[in-house]
Amino acid sequence: MSNPKRSKIIAGNWKMHKNRSEAKALAEAIGHGVKGEKDLPIVVLFPPFTSLAAVGDVLRDTPVDLGAQNMDHHDGGAYTGEVSPTMLIDLGVEYILIGHSERRQFFGETNASVNLKLKAALKHALKPIVCVGESLDERENNLTDAVVRRQVGAALADLEVEELKTLIVAYEPVWAIGTGKTCEAAEANRVCALIRATINDCFRSDESTQIGDSIPILYGGSVKPSTIDEQLQQSDLDGALVGGASLTAEDFLPLIKSAQKRIRSLISV
Ligand code: 13P
């Protein structure tokens, strides 16, 4: 059964979409849609950097939190074009995406840079969502488990259990992102369980901890209102990291409602 103690999370990654006025309008519609609601999941919006301040203003009196899609791991300095953790915090950012597959694929991010960014996020008390997932080629060559294990292990290198209280992981198979092809719910759940076990393995020497059991693990990849209910029924899947379906309130609000329904069903058990 799903662990009711783990937070349920619906996160919207807007990627490189929405100018400032569009972003404000979407944040307003989402904020309005959840106003006064109880038993909500954690809801986080990840607008582009250029709209963080505007969206942050809109979300201030709502239960919806603000996240950023990327950051540099340095505190500051001569790093043209980059944005530091403290700059994000200054804008009211609470969550940070780390190692999204598009960053790995198009912007040269590696398991090593993911580790540096995770350490920087934890140092500055930004809540990290570390993204992992295999490519189509890797899946077809039966490398899914090895790739995911390696990505998780490398992300957590040199970290202590006590530092991971705010960690969130997102399993996003690259072949399911933006393709309309959702990973079958049972298979997504299997990989989420593998991620949990891998996190526990990383800290095996500390027998008192089963930290992996308390970390929320999200699924991402063509999540939409028609897929979310089955996904949220899975024992090891605690929410969704959503791209395309986070770009309109009509698609995104039903995802939040589904998580709310799931939370209520877990409370009543
Ligand atoms: P889609 O929901 O558009 O497949 O994107 C998923 C994703 O990459 C979220 O980070």
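Order of appearance sets the numbers: ligands from 1, and atoms from 1 within every ligand. Only this structure's heavy atoms are used, side chains among them; waters, hydrogens and symmetry mates stay out.
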>> Counting only nitrogen or oxygen atoms and a 3.5 angstrom limit, does Gly243 reach ligand 1?
In response: yes
>> Taking 4.0 angstrom as the limit and counting only heavy atoms of Ala176, give me the atoms of ligand 1 inside it, by number and element.
In response: 4 (O)
>> Heavy-atom contact check, 4.0 Å cutoff: does Lys224 meet ligand 1?
In response: no
> Among Gln151, Arg150, Arg104, whose side-chain hydrogen bond (donor to acceptor under 3.5 Å, both in side chains) with Asn111 holds?
Replying inline: Arg104
>> Measuring from atom NZ of Lys257 to atom CZ of Phe252, what distance do you get when rounded to the nearest 0.5 angstrom?
In response: 13.0 Å
>> Students often mix this up, so state it plainly: with edges at 30° and 60°, are the rings of His74 and Tyr79 parallel, tilted or perpendicular?
In response: parallel
> Considering all heavy atoms of both residues, which atom of Pro48 and which atom of Lys15 are nearest to each other, and what is their separation?
Replying inline: CG-O, 3.6 Å
> Just which atoms of ligand 1 are under 4.0 Å from any heavy atom in Gly244?
Replying inline: 1 (P), 2 (O), 3 (O)
> Hey, which atoms in ligand 1 end up nearer than 4.0 Å to a heavy atom of Asn13?
Replying inline: 9 (C), 10 (O)
> Shortest non-hydrogen contact from Glu230 to Gln234?
Replying inline: O-NE2, 3.0 Å
> Trp14 side chain to Ser246 main-chain N or O, any donor-acceptor pair under 3.5 Å?
Replying inline: yes
>> Just to be sure I'm reading this right: ignoring hydrogens, which of Gln69, Glu102, Lys15, His100 gets closest to atom 10 (O) of ligand 1? Compare them by their nearest heavy atoms.
In response: His100
> Of all the atoms in ligand 1, which lie at a distance below 4.0 Å from a heavy atom belonging to Glu172?
Replying inline: 6 (C), 7 (C), 8 (O), 9 (C), 10 (O)
> Of all the atoms in ligand 1, which lie at a distance below 4.0 Å from a heavy atom belonging to Ile177?
Replying inline: 4 (O), 5 (O), 6 (C), 8 (O)
>> So for Gly220, does at least one of its heavy atoms come nearer than 4.0 angstrom to any atom of ligand 1?
In response: no
> Can you list the ligand 1 atoms lying under 4.0 Å from a non-hydrogen atom of Gly178?
Replying inline: 1 (P), 3 (O), 4 (O)
>> Testing the basics here: between Ala249 and Leu26, what is the closest heavy-atom pair and its distance to 0.1 Å?
In response: N-CD1, 3.5 Å
>> Tell me whether Asn189 contacts the main-chain N or O of Asp236 through its side chain, where contact means a donor paired with an acceptor under 3.5 Å.
In response: yes
>> Suppose I only count heavy atoms of Ser222 and a 4.0 Å limit; which atoms of ligand 1 are within that range?
In response: 1 (P), 2 (O), 4 (O)
> Going by heavy atoms, is Ala245 under 4.0 Å from ligand 1?
Replying inline: no
